[in-house]
Every structure is written in structure tokens, then in C-alpha cells.
Amino acid sequence: MANSPASAQLSLTTHGILSLYACSIRSVKTLAVSSLPNSSFSLTRNAFVTGLPLLICKTSRPMTLATKVTSVSIRCEQSTKGSSLDVWLGWLAMVGFAAAISVEIANGKGILENFGLTSPLPTVALVVTALEKQPEIDVLGEGGCKPAKQGEGLSHNNELQLLLQQKTHNLKLLEAQHNDVNSKGFGASSSMRKASSTTDIVEDLTSIFGAPASTGEFKEFEGESEERRRARLELRQRTQECAAKTLTEKNQHDLQVKLLDVCYAVFAMYCQSTYRSQLTLDMRYSAVGDRSVWVMVMYVQELIKEPLMLIPQQFIRLGDQGPSKPILFDHSNLLPTPPILDMKQLESGYEELHKLHSACKDWGFFQVVNHGVSCSLMEKLRNEIEEFYKLPIEEKVKYKTRPGDVEGYGRMTRREGKLDWADRLSMITNPLTKRKPHLFPELPSSLRNTLEHYITEMQELGKKLLMVMARALKIEREELVELFEDGMQSMNMVYYPQCPQPELVMGLTPHSDATGITILSQLNGVDGLEIMKDGVWIPVNCQPDAFVVNVGDILEILSNGIYSSIEHRVMVNSMKERIFIAFFMFPKFEADIGHVSSLINLQNPPLFKKIGFEQYLEDFFSRKLDGKSNLEHMKIKTDQESHGTPVDAKN
Ligand SMILES: O=C(O)CCC(=O)C(=O)O
Ligand SMILES: [Fe+2]
């Protein structure tokens, strides 16, 4: 925090004419667009998550797309270092920014609109460097951003106080030594010594801390040589300067804390007043490198409410990470596709069981029909979830993901990954004791009842699937099914909005599921799921009324690699949103995750380490969502791989 410059920047652009650039100080690498040519748009090359401004261009009227581009980027940081001019200019700019927004809030039109910008303003991103590494964060109280409490983040202030006390102490010692020398040198009395300049220093410092200022006159000593007198005077001046400097630093810091609070508050008001409803953006605390920042998180559904001219950079994936699909065109129906299995036949016949075994080995995915879940329930579920996503944002943010949590409404991005083009509501639904009081129990009652019904159906279907898988693997059903009895279950209700440039984004990052099994249902008939098969992304054409089932990492571990969890991802399209529900089945919390013993023999040694389920989850969530990286981490390394170190089978 110490080296972060004080800065505030507000840059606005319309049709290459206006550029209001409040301030940019020292090392802030802000590349906000200050002018844009008529028909070309550019993005800032900065990353939101790394604390640099987000720049989105958007208009509220499609008619003006070609002629009017507005963009706003705001960045606030604070510092105690740097030349005082820098610091003060930075703060001045920040106040200017706050004032501009305040005016806009106050009269509904405001400075920004007076410059020709359409209101509401298109997009704002704010990254504020917090004052401490680990401040106590309380973001967004009910319906609004909550500014950092006064006094939070003041450890630096305390440090200054301590420093000042230490300096005082050292100076007293110095003065005492000096007086000692004087007294020895001039034979002055001890009472004379007590009346020395030490008193002045204490008085000076007392005044610094708020006590009435002392006149602090320089004391003269009888018989003191001119040289010694001058030395004493110099020392006195130096100590006073030093104390004054520390005081200035402390005051400056206090002011910065106050201004930062103001900025939080103003920005919170701005979000509420400017965006159509309340919160297109959510304010999140997150650690970036060794700094703490507040990051605005967008709800995609809100973002696309009005025509979007540019995709925010945080969603854009290029190069290796990019969607760059294999060219599928109309030949997609010629591509291999995960098998479709009949649940009834799976339970009774061997032929279907054989198909299941191959599907789990070769695909890690299959579709299941004839599963016994009624169409009317699925129809109801679809309507309920659609209704949920139609709720105003003010309602939905009641369920928003809270800091440090992964459940709730919003989007989960771990580490510095790109953002998915999706909004989701994630919840643990089993065991009941793990249900978060502000989530499932608080959902609209009709949605809750439907979900409750759906959960029961999924538990039943999941159990049946695990039983047939145990048969296919030729293991005792207890070895598999019991692990999952009253296990952890969770669900994601996902809304993938349509995207004007779907080729630039992804609905869901490539990953394998951390689950035992996952049961997916594409509720509104819009495809998007793709799975990685032999190095090619293959789209899954979901059958109406079918569930898509996939093998998760835990099943790969339990089956000692016989079954495979497969990387998959979700693509979005420009025409229609996709509504989706995923039901995740995990073992019970007290279970150990490791191979089923009867599958191990000399030819099939253990492939994965054994680990407690809770530890497994912790490891999973601490990692970036990145292909099968979590499973890789659990692999037992061969002697060769671990450079000669003994195999740690832990079994
Ligand atoms: O939306 C989909 O099709 C798949 C979702 C998924 O893979 C997941 O939630 O893990
Ligand atoms: Fe998945």
C-alpha cells in the first residue's frame, strides 16, 4: 500500500470530442480512451482484476451507436508516499470526481450529462486500493454499498503514532545526554537541567497530540559557550522539524482515509442512482497480489439490458484461452456424440449396462432418458427459474455471493481468471444443516417448493445411477452408493444471457466437475455445452426430456481412473439466453476420497492420493478453475515423475 500513488481519474469520451481527465498521478498506468474515431472503438488494455480501469462503451439508444460513444473509467488509489504536490493533486482530483458525481445524483442530470453524455451513464468501474492488507470488509449492505467504516484501515496511522512516540522517547534521551554533558561541562545544577529543552520537546509533542500549544521558549543557560548554545538550538530545531514532518504525514493519512470513505459512499450512491434499477455492479473485496482492492463485479443480465457495443475486456478470451471452436458448421450431426441411455433398460438389462460402462470410460458423459422425472415438474422448474431471473436486481442481490463465500447469486471467479458470461445462483442443498439461511430458505416459496420436489427426484435418480455404475464397475454397491448416502449436494441455477459477440466469451470456463456425478438439465432447449473429446470440442445436442450426466473427478478417483471426468465448457449465442440447472452429488463430509479397494491389484496400482472430503473441497476452491488441474494435483507421481522420490501412496 505504501507505494501506491494517490490518484483519481474520471475520463469521459463522446465521439472523439470530450475528454474530461481529472487527474492521473505518478505510476497509474491508465489507458482510458480519450478520444475515439467515428466508427471504431477501442478498449483500455487494462485488466479490471489487476486494479486497472474497466472501460466499456455502450449507449442507451441504439440509434446513436455509430455516432456517439461514451465511456467512463474511474480509478481511485491512495498513498502516503510521493511528493506532496502529487498526493494533493491526486486527492483534489478525487474530490472533483466525487463532486461531479454528487451533482449528477443531486439534480438527476448533472455535470456529466451537461457534457453531452446520455444518462444513465453506461458503465463505471471503480477499483479502490484499500488501506490495509486485510481490512474488515463489509460490502453492500441491504441495497447499497457500505463505505468502509471510519477508522478501518488505520494500522498505518497507528504505526505513525508509535513512530512519533518512539521519536519522542529517543529525543528525550538525546536531550538528557546533551544536558548531562552540559551540566558536567558547566557545573550547572540539576534543577537547571530539568528546565532544559527536553521540556520544550515534550511540550511540542504534547501540542502535536492536541494539547494546548506551549510557547516553548528556548532556555538560556548561564555560562554556556556560544558553540554549545548553537548546537543545542540546532538539535531543538531538528527535533521540532522531525515531529512536524511526522505530524503532517499522519494528518495527510487521516485525510486520505476520510476521502476514501467519501469516495466509497459517493460511488455507492452513484451506482444506485445511475443504473436503471440498483446494482448492475456489485462491490467485492478481493486480494490482488499483495494488495487489497475493492472490485466491482457485473451481473451480466443487467449489463446487456441495453445494447452493448463492446464486450467488457474482463469477459474476452483470446489466443489459447479463446473459444476458437473447431469449425463445425452443419456437420455437427456427423460428429460423435455422447450416448443416450435408457434408465429402465439400464436397471434391467446388460446391453445397456455395457453402453453405460463405455460411456463413462470413453466419454465421461451420457444422456439419460426414461428416467421417471415428470415433464410437468421440469416445465414448472423452468418457469420458476425464469421468474427468478426476471426479478428486479434489488431482489436478486438479496442472495448475492457474500465475501469469502462461493454460494449465492453472482458469478464465481477464482484468482485472476476471466469472467464467465453467466449469472448463477449456487447453493448447497444437502445436508440440510449446510443450507445457508439467507439462500434456499429465503427463496420465493413457489420456487423453493418446486426445487424441493426436484431435489427429491434428483436424489432418487442419482442413487439409481450410482447403483448401475457400481454394477458396471463390478464392485459392491455399498462401496459406491453408501459413500453418497446423505452426501453433500448442491445446485447451480444458471442464466447464460445472449451475447452480441459470443465468439469472444465463454458461458463457463473449461473444467471438470469436482463431483461424484453431475446431473444437468437444459431447461429452455438452448444448447451450449461442449465437451473435449480427443482434442476437439464437441457440442452436445441435448435431447428434450433427457438429463445429461457426467462423471466427476471424485468418481474418477473412486474408480481408480477407469471412469473419466471430462473437460467441458459452455458457449453462449447471440440469439437466445440459456437457462440451466445442474445438480451436483458429492460423498458425505466425513468420507475419505480414494480408490475403491476391490479395484486395486498388481496390474492396477492406486493412481490417486487418498484425502478427506473436506480437505478435497478446500483444495478445489483454492485453485483456479482450470481444466482438470485439481485432479492432476491428486495424482500419485511415479518414481520417475517425482525425480526418484518414493511413491507416496498413503494407502
Ligand atoms: O451449463 C452447462 O451446460 C454445464 C454446466 C456445468 O458444467 C457446471 O455447472 O459444472
Ligand atoms: Fe461442469
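Owing to the predicted nature of the structure, the values given are computational and were not obtained by experimental measurement. For ligands, and for the atoms within them, numbers begin at 1 and follow the listed sequence. Just the heavy atoms: all of them, side chains too, but no hydrogens, waters or symmetry mates, feed the values below.
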Subject >> Close side-chain approach of Ser565 and Leu631, heavy atoms under 4.5 Å >> reply: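 Answer yes - side chains close enough.
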**OP:** Fit a plane to each ring of Tyr454 and Phe583, take the angle between them on a 0 to 90° scale, and name the class: parallel (under 30°), tilted (30 to 60°) or perpendicular (over 60°).
**Re:**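 Plane angle over 60°, so perpendicular.
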**OP:** Measure the acute angle between the ring planes of Phe613 and Phe586, then classify it against the limits of 30° and 60° as parallel, tilted or perpendicular.
**Re:**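 Because their plane-to-plane angle lies in the 30° to 60° range, the rings of Phe613 and Phe586 count as tilted.
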List, for ligand 1, each N/O atom that has a protein N/O partner under 3.5 Å away, with both atom names and the distance.
unit_1: ligand 1; atom_1: 1 (O); unit_2: Tyr496; atom_2: OH; d: 2.6
unit_1: ligand 1; atom_1: 1 (O); unit_2: Arg578; atom_2: NH1; d: 3.0
unit_1: ligand 1; atom_1: 3 (O); unit_2: Arg578; atom_2: NH1; d: 3.2
unit_1: ligand 1; atom_1: 3 (O); unit_2: Arg578; atom_2: NH2; d: 2.8
unit_1: ligand 1; atom_1: 7 (O); unit_2: His511; atom_2: NE2; d: 3.3
unit_1: ligand 1; atom_1: 7 (O); unit_2: His568; atom_2: NE2; d: 2.9
unit_1: ligand 1; atom_1: 10 (O); unit_2: His511; atom_2: NE2; d: 3.1
unit_1: ligand 1; atom_1: 10 (O); unit_2: Asp513; atom_2: OD1; d: 3.2

Subject >> For Ser559, all residues meeting side chain to side chain donor-acceptor pair (under 3.5 Å), sequence neighbours excluded >> reply: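 Checked Ser559 against side chain to side chain donor-acceptor pair (under 3.5 Å); zero matches.
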Subject >> Result of checking Glu386, Glu379, Glu384 against Arg382 for side chain to side chain donor-acceptor pair (under 3.5 Å) >> reply: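 It is Glu386, the one option of Glu386, Glu379, Glu384 that forms the side chain to side chain donor-acceptor pair (under 3.5 Å) with Arg382.
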Subject >> Salt bridge Glu347-Lys344, side-chain N to carboxylate O under 4.0 Å >> reply: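 No, this pair does not count.
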Subject >> Check ion pair Glu485-Lys463 (N to O, under 4.0 angstrom) >> reply: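 Salt bridge: yes.
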Original post:
Which pairs count as side chain to side chain donor-acceptor pair (under 3.5 Å) when at least one residue sits in residues 514-524, sequence neighbours excluded?
Top reply: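 For residues 514-524: Asp513-Thr518, Thr515-Thr518, Gln522-Asp527, Gln522-Arg578.
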**OP:** Evaluate the ring pair (Phe, Tyr, Trp, His ring centres under 6.0 Å) criterion for residues His438 and Tyr399: first the C-alpha distance (whole Å), next the side-chain angles of each, then the deciding distance (0.1 Å), finally the verdict.
**Re:** CA-CA 7 Å; His438 70 285; Tyr399 312 101; 7.9 Å; no
**OP:** Provide the protein N, O or S atoms situated under 2.8 Å from the Fe ion (ligand 2); waters are not included.
**Re:**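 Hits for the Fe ion (ligand 2) below 2.8 Å: His511 NE2, Asp513 OD1, His568 NE2.
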